[in-house]
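Scroll down for the structure; my scribbles are underneath it.
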2 protein chains.
Amino acid sequence: MQSSPRARRATMTDVARAAQVSLKTVSRYVNGETNIDPVIGARIAEAIAALRFRRNMAAASIRPGQRSQLVGLIIEDVANPFYSALTRSVELALRAAGLLLLAASSEEDPVRFTRLIEQLIERRVDGLIVVAPSHPEPGWPELAREIPALVILDRFDDTIDADSIVGDDVGGGTAATELLVGSGARRIAFVGEALGLSTINGRYQGYLAALAAAGLTADPALVIDGVRTSDDVCTAVTELLRPGVQVDAFFAANNLASLGVLKAFRRLGISRPIVGYDDFESAALVQPAVTVVSHSVADMGRRSAELLLARIDGDRTPAHHLVLPATTTLRASHRAPIPHRPDPPLTEMTTTP
Amino acid sequence: MQSSPRARRATMTDVARAAQVSLKTVSRYVNGETNIDPVIGARIAEAIAALRFRRNMAAASIRPGQRSQLVGLIIEDVANPFYSALTRSVELALRAAGLLLLAASSEEDPVRFTRLIEQLIERRVDGLIVVAPSHPEPGWPELAREIPALVILDRFDDTIDADSIVGDDVGGGTAATELLVGSGARRIAFVGEALGLSTINGRYQGYLAALAAAGLTADPALVIDGVRTSDDVCTAVTELLRPGVQVDAFFAANNLASLGVLKAFRRLGISRPIVGYDDFESAALVQPAVTVVSHSVADMGRRSAELLLARIDGDRTPAHHLVLPATTTLRASHRAPIPHRPDPPLTEMTTTP
DNA sequence: CTGTTAGCGCCTTCAG
DNA sequence: CTGAAGGCGCTAACAG
């Protein structure tokens with residue numbers, strides 16, 4: 001089974017022989033060049049069909065100056081809806097230009113990230129779109145310089161001289177926090193995956209700024225980070241909500257955090273005002289529907305592909321740095337009721353002198 | 001910006017010259033062959049680093065018998081969580097074998113599907129994992145024969161002689177429906193994307209079988225199909241639930257259908273018993289938590305990669321056809337209250353003579 | 001409009 | 001353990 005005794009694939013030479021023309025004429029035909037005698041063209045077409053000839057793009061692209069028509073995309077994890085949506089919009093934009101996408105997940109592992117880039121360079125991708133891990137290997141800036149065309153996504157990195165597209169994380173973090181403050185919350189928890197990520201950190205800065213602007217003091221005990229899964233988040237939130245600790249509201253700084261906080265609410269049978277970051281499909285389905293701040297993933301993907309394509313086409317202008325605006329999707333969760341807790345928190349949280 | 005004036009990449013010949021050895025010795029070194037003088041090896045390593053040499057895999061793979069170390073995956077849409085999870089598990093299994101994944105979305109478009117396969121053959125992928133559209137172009141079986149190694153996923157197709165992995169859709173559909181029947185529902189709606197899909201159709205057959213076994217008659221008016229998005233589903237469900245039509249419960253035959261039904265519930269402010277097909281991240285978060293029947297996507301991805309790898313390694317045994325068992329995740333939604341509606345439906349539904 | 005020649009970067013004989 | 005010659009499938013000159 002599985003195809004016949006592995007017949008050797010027909011080559012252009014075979015086609016040329018069958019069609020009684022020279023190799024080069026077949027090449028011209030296959031490459032869609034116009035100046036070909038229709039009669040000969042028909043003969044070639046016939047031979048191609050009969051022999052099931054398929055052009056070998058690998059062979060066609062080894063010559064310097066030729067392109068592989070391949071673009072690499074390195075993200076953290078395709079299974080994360082944020083990245084799968086991104087992948088999709090990049091693929092869409094690339095397809096329009098006839099390019100294929102080699103997508104790979106780094107899983108935030110610096111070593112794997114480096115290895116993937118090397119593999120993609122070995123494939124001679126025409127360009128690379130990359131979401132770098134928070135702590136790439138020290139050789140990363142040098143490696144990046146080897147990439148013919150590069151666009152950095154989502155997380156800004158000023159050690160790399162390349163186009164970049166990020167979201168307005170600080171602005172978004174501010175907006176999210178203001179929403180919660182506006183609902184009367186004073187003790188607002190910040191839940192993020194890792195403050196080492198520039199995105200989460202930006203949102204955290206926004207959070208701090210909004211608190212300060214409202215005259216509220218930030219309590220480090222209300223910050224959850226260093227969590228990798230929504231179950232981690234759920235556990236951490238459950239712990240934070242132990243009796244005696246007053247938490248008025250939650251700012252969940254990415255979709256993973258949102259899911260984790262909601263899981264904790266479900267488990268504890270409670271609810272608090274919450275604003276999430278990054279929209280997610282079920283945000284409108286849960287009770288109450290979750291208000292979120294987000295950037296347009298579709299824009300990010302599409303524009304990164306456009307920037308890359310321009311570079312591949314030889315654009316040599318200085319690096320572009322796009323910042324996508326944060327938009328707020330008001331649903332209901334930011335103004336859920338805040339339980340009144342007159343008793344002072346019994347925690348050791350005021351550790352600052 | 002964007003790398004310096006496009007310096008030509010170093011080739012093996014350059015490395016050989018710099019290291020004062022022959023081309024072939026460099027080749028041996030790069031390919032990890034053991035019989036190399038350590039002193040010479042060190043000299044080569046030095047030259048490689050100095051010249052930033054990167055092996056050109058495209059050039060290495062044009063020789064017949066050589067592999068591209070590339071595998072293609074064609075799915076319907078990466079942004080769909082079912083497929084992104086699948087992509088992830090395939091990528092994981094492939095990475096262990098050092099292969100890279102070329103993933104592409106067909107969007108259920110037969111023409112695009114054919115085009116993608118052709119593109120992947122032109123890249124000389126070592127193998128292909130494919131979720132075929134419901135109505136592929138007529139040439140598909142012939143095209144499939146050109147693929148060196150092929151695994152068909154999710155939707156069974158007996159016109160193709162290749163390994164396949166599908167879920168037990170009939171069994172799963174039966175189980176889902178039985179759950180609803182067991183909760184006292186008699187008029188159970190079936191919501192599927194398209195009955196032309198073998199998966200949805202299998203689940204539908206299971207639904208019919210379970211109804212028959214329970215002595216219930218299937219009402220065609222309770223079947224929703226031909227919907228492409230969860231918003232379509234929401235609209236259709238909203239319409240189905242118009243006054244006068246009694247619907248006791250919903251069987252949502254894929255994740256898109258589940259989301260659509262839940263949206264409709266939210267919009268109408270009602271609830272009915274529901275069982276979904278395919279698990280989804282927020283299933284446990286909505287109220288009530290959604291009971292689902294599903295197959296292990298991780299298994300499907302991993303095993304398909306394993307089958308493919310075996311074929312690539314020369315396995316010539318007859319095609320394997322795996323059927324993954326359906327598992328039920330009991331949450332709460334299958335026994336939501338059924339509103340009592342004593343008044344007979346006023347619809348023209350009993351069109352069967 | 002077509003064919004000949006050379007060579008891309010690498011790997012495979014087969015000698016040394 | 002190393003090297004020289006030849007060729008993979010294709011495209012770029014440069015003739016005819």
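Quick note on labels: first sequence line is chain A, next is B, and so on, each numbered from 1.
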Those residues that, when tested against A:I121, pass side chain to side chain contact (heavy atoms under 4.5 Å, CB included) (two or more places apart): A:I117, A:R124, A:L143, A:E146, A:I147, B:R9, B:R54
side-chain N/O B:T13 vs C:dG9 OP1/OP2, d < 4.0 Å: no
Whole-Å distance separating the CE atom of B:M12 from the C1' atom of D:dG3: 15 Å
B:T11 side-chain proximity, nearest of C:dC11, D:dC10, C:dG9: C:dG9
B:E46 atom CD, neighbour heavy-atom count above 12 within 6.0 Å: no
Side chain proximity check, B:Q119 to A:M57, heavy atoms < 4.5 angstrom: no
Nearest-Å distance for atom pair CZ/C1', residues A:R124 and C:dC10: 11 Å
Partner residues of A:L51 under the side chain to side chain contact (heavy atoms under 4.5 Å, CB included) criterion, sequence neighbours left out: A:A10, A:D14, A:V15, A:A18
Separation of D:dG3 P from B:I40 CD1 (nearest whole Å): 6 Å
Under-4.0 Å side-chain N/O to phosphate OP1/OP2 contact, B:S22 with D:dT2: no
Atom pair distance, as rounded to whole Å: CD in B:Q20 and C1' in D:dC1: 18 Å
Sugar-phosphate, base or nothing in reach of B:V30, heavy atoms under 4.0 Å: nothing
Student check: side-chain heavy atoms of A:M12 and A:S27 closer than 4.5 Å: yes
D:dC8 phosphate, OP1 or OP2, under 4.0 Å from A:N56 side-chain N/O: no
Quick test: give all pairs of protein nitrogen or oxygen and nucleotides 12-14 of chain D nitrogen or oxygen below 3.5 Å, distance rounded to 0.1 Å.
from   : atom 1 : to    : atom 2 : distance (Å)
D:dA12 : OP1    : A:Q66 : OE1    : 3.2
D:dA12 : N7     : A:K24 : NZ     : 3.3

Contact under 4.0 Å: A:S27 side-chain N or O vs D:dC10 OP1/OP2: no
Whole-Å gap separating C1' (C:dT12) and CG (B:L23): 12 Å
Distance in angstrom units between B:N31 CG and C:dC10 C1', rounded: 9 Å
Under-4.0 Å salt bridge between B:R311 and B:D126: no
B:P64 vs B:T25, nearer the 5' end of DNA chain D by closest nucleotide: B:T25
Integer-rounded Å distance: C:dC10 P and A:R123 CZ: 13 Å
Residues B:R115, B:E118: salt bridge by 4.0 Å N-O rule: yes
Which residues share a side chain to side chain contact (heavy atoms under 4.5 Å, CB included) with B:Q66, sequence neighbours left out: B:R63
Of residues 45-55 of chain A, the positions that come close to DNA chain C - non-hydrogen atoms, cut-off under 4.0 Å: none
Atom-pair distance (CZ on A:R17; P on D:dC10), nearest Å: 13 Å
4.5 Å side-chain heavy-atom contact, A:S134 and A:E108: yes
Pairs touching residues 51-92 of chain A that satisfy ring-ring contact (aromatic ring centres under 6.0 Å, His included), sequence neighbours left out: none
